Number of protein chains: 4
Amino acid sequence: MFFSIDPNNGIAIYEQIVRQVKFAIADGVLVPGQLLPSVRTLAVSLAINPNTIAKAFSQLQNDGIVETLRGRGIAVRGDALEACREARCSLLEDRLRGAIAEALHGGLNAREIKRIIATQLESLDGQVATVATPLPSTGNSS
Amino acid sequence: MFFSIDPNNGIAIYEQIVRQVKFAIADGVLVPGQLLPSVRTLAVSLAINPNTIAKAFSQLQNDGIVETLRGRGIAVRGDALEACREARCSLLEDRLRGAIAEALHGGLNAREIKRIIATQLESLDGQVATVATPLPSTGNSS
Amino acid sequence: MFFSIDPNNGIAIYEQIVRQVKFAIADGVLVPGQLLPSVRTLAVSLAINPNTIAKAFSQLQNDGIVETLRGRGIAVRGDALEACREARCSLLEDRLRGAIAEALHGGLNAREIKRIIATQLESLDGQVATVATPLPSTGNSS
Amino acid sequence: MFFSIDPNNGIAIYEQIVRQVKFAIADGVLVPGQLLPSVRTLAVSLAINPNTIAKAFSQLQNDGIVETLRGRGIAVRGDALEACREARCSLLEDRLRGAIAEALHGGLNAREIKRIIATQLESLDGQVATVATPLPSTGNSS
DNA sequence: GTGGTCTAGACCACC
DNA sequence: GTGGTCTAGACCACC
């Protein structure tokens with residue numbers, strides 16, 4: 001499964017799911033027409049109540065990202081890719097901006113922030129390298 | 001006032017206050033022995049309910065950062081500086097790490113993340129400079 | 001209370017609430033800035049689960065009709081009136097159109113439908129006359 | 001085929017089929033003794049799951065409108081005409097009454113409702129005429 | 001099997 | 001007091 005939920009990171013669980021579905025579409029992991037994992041399947045595999053999953057999917061439907069096929073499941077809409085790419089950018093930028101703003105406001109200067117970020121990127125990049133960077137020939141991706 | 005509260009950034013308001021008090025101490029804006037602004041003063045100036053301020057101060061007391069001086073107010077403890085410096089680092093690192101982790105997990109690679117961060121640093125650094133460090137020549141602002 | 005819910009009329013309860021809130025705003029019964037009845041209050045007075053009320057209010061927020069004032073309640077937005085007037089028209093027209101289409105398709109002709117409608121209007125109009133037609137000078141309101 | 005199903009009009013699909021069968025009988029399009037189209041035929045022509053058709057037919061049997069002729073199919077019962085005429089009236093009246101009640105409750109007065117109805121009758125009557133009344137010489141279909 | 005709706009009841013943050 | 005989120009479990013319509 002391509003979702004990883006942290007129930008204590010301050011972001012509501014259903015919101016984490018909404019974001020990750022959008023990211024997966026933006027990334028091509030979920031393609032237009034494809035069915036999302038079912039509410040019950042996700043609920044079991046993430047150990048989360050089905051209502052919470054349903055709430056996330058309902059919001060994705062409101063956002064025009066998915067559509068329900070009665071009795072069959074919930075599918076990625078044909079026009080979702082572009083919207084998800086834009087959403088991913090703005091969602092991630094917002095979060096990074098918030099974190100950086102707090103760091104600056106909290107008394108760190110740009111150099112210290114950059115050093116922290118570089119450290120985090122190194123340690124985190126390794127963990128997801130096999131998933132997120134399947135192109136070994138990129139050369140200097142960092 | 002050195003607090004800036006965003007009621008919609010996902011972090012609880014009382015938690016934002018706790019963090020910013022710790023940052024102010026780590027930064028030397030608040031020094032050991034100094035009284036915090038009163039609950040009422042802060043509530044009015046931030047347009048926030050006094051209960052929320054009180055909850056933040058209560059948590060600061062639990063964290064061993066401040067102490068109540070009966071009849072006088074709430075003061076920064078003598079041993080708070082070191083704890084706040086450590087807390088600042090870990091709090092900010094945690095938040096930055098979370099944001100970066102989501103970005104990597106969401107399909108951005110390190111280069112793209114660095115570009116976004118550089119952009120945010122440029123735009124934010126300018127804004128904060130005028131707000132957070134208004135006294136370039138002061139030397140001993142406390 | 002200005003809501004009347006029928007749990008068995010085929011329309012979801014939360015959807016009935018959404019419609020009636022919009023109608024109340026369109027009608028001036030709820031005015032911009034005014035707080036909606038609280039979730040708990042409505043739940044008790046309508047004998048409906050609070051979650052169902054909350055779901056309705058959440059959809060009203062998605063529709064841009066209301067906004068939540070943290071800790072105070074949910075208020076009608078300043079720009080809700082026009083949107084609700086338009087929504088009322090289209091929602092009611094859709095439902096009337098559906099009913100008429102079924103009647104025509106089911107073998108009634110326009111004259112029979114008009115007769116039924118006239119009968120219903122007479123009996124129903126009387127019931128709500130004091131609420132819905134406060135203008136005695138209209139002359140031929142029917 | 002004399003059925004037109006709208007999967008999104010709020011009425012359950014099987015219920016739409018039940019109603020339309022009754023209307024067809026009331027209208028003489030289906031006569032006592034006549035076989036209904038088979039479950040499979042209807043399922044294909046309406047692009048609906050056979051289970052849904054079967055559920056509708058089962059309810060028609062419970063309502064005493066049709067009977068199963070073993071090995072031959074499902075036929076309109078000899079005494080169905082009168083029951084369907086009554087059912088048609090009450091079903092359509094109920095729906096029209098519901099729509100009108102909501103319109104009155106929602107703040108429209110009888111005059112506005114009548115104007116909407118007249119508009120709908122005009123536009124719908126034309127469309128339905130070509131489908132439901134294949135008699136080009138009728139002249140005054142209302 | 002699928003999602004949609006609803007009830008019942010809990011905890012949280014904020015006023 | 002206020003709304004927001006979450007869990008647990010039920011029933012429905014449709015496939």
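Here is the naming used below: chain letters follow the sequence lines, and residue numbers restart at 1 for every chain. Small disclaimer: the values here were computed from a predicted structure and weren't measured.
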S.K.: Which residue, Leu69(C), Leu60(C), Val66(C), forms the side chain to side chain contact (heavy atoms under 4.5 Å, CB included) with Ile74(C)?
M.R.: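 For Ile74(C), the side chain to side chain contact (heavy atoms under 4.5 Å, CB included) test succeeds with only one of Leu69(C), Leu60(C), Val66(C), which is Val66(C).
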
S.K.: Distance-only, no hydrogens or angles: does the Asp63(B) side chain make a donor-acceptor pair with backbone N or O of Ile65(B) under 3.5 Å?
M.R.: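 No, Asp63(B) side chain to Ile65(B) backbone: no donor-acceptor pair under 3.5 Å.
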
S.K.: With the threshold set at under 4.0 Å for non-hydrogen atoms, list the residues of residues 58-76 of chain C touching DNA chain F in residue-number order.
M.R.: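 Of all residues in residues 58-76 of chain C, the ones placing a heavy atom under 4.0 Å from DNA chain F are Gln61(C), Thr68(C), Gly71(C), Arg72(C), Gly73(C), Ile74(C).
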
S.K.: If only atom types and distance count, is the side chain of Arg88(B) paired as donor or acceptor with the main-chain N or O of Ala103(A) below 3.5 Å?
M.R.: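 Looks like no, no N/O pair under 3.5 Å.
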
S.K.: So if I apply the side chain to side chain contact (heavy atoms under 4.5 Å, CB included) rule between Val76(D) and each of Val21(D), Leu35(D), Leu30(D), which one comes out positive?
M.R.: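 Exactly one pass, corresponding to Leu30(D).
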
S.K.: Which base, if any, makes a Watson-Crick or G-U wobble pair with dC14(F), both distances under 3.5 Å?
M.R.: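 Looking at the geometry, dC14(F) pairs with dG1(E).
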
S.K.: Describe the nucleic acid contact of Ala54(A) in one word from base, sugar-phosphate, nothing, applying a heavy-atom distance below 4.0 Å.
M.R.: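 Ala54(A): no heavy atom of the nucleic acid under 4.0 Å.
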
S.K.: When you measure from the side chain of Gln16(B) to the backbone of Asp6(B), do you find a donor-acceptor pair of N or O atoms at a distance under 3.5 Å?
M.R.: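 Such a contact is found between Gln16(B) side chain and Asp6(B) backbone.
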
S.K.: Return whichever of Lys55(A) or Pro50(D) has its heavy-atom-nearest nucleotide of DNA chain F closer to the 5' end.
M.R.: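 Of the two residues, Lys55(A) wins.
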
S.K.: With heavy atoms under 4.0 Å as the rule, sort Ile48(A) into base, sugar-phosphate or nothing.
M.R.: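 Sugar-phosphate contact only - Ile48(A) comes under 4.0 Å of backbone atoms but never of a base.
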
S.K.: Once you apply a heavy-atom cut-off of 4.0 Å, does Tyr14(D) come out as touching a base, just sugar-phosphate, or nothing?
M.R.: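 Sugar-phosphate, no base atom in range.
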
S.K.: Pick the nucleotide of DNA chain F nearest each of Arg40(A) and Ile13(A); which residue has the one closer to the 5' end?
M.R.: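 Going by which nucleotide is closer to the 5' end, it is Ile13(A).
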
S.K.: For chain C and DNA chain F, what are the first and last nucleotides along the strand, 5' to 3', with at least one atom under 4.0 angstrom from a heavy atom of the protein chain?
M.R.: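 Contact boundaries, 5' end first: dG1(F) to dC6(F).
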
S.K.: Across all strands shown, which nucleotide pairs with dA8(E) by Watson-Crick or G-U wobble geometry, both distances under 3.5 Å?
M.R.: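 Answer to the pairing question: dT7(F), which forms a Watson-Crick or G-U pair with dA8(E).
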
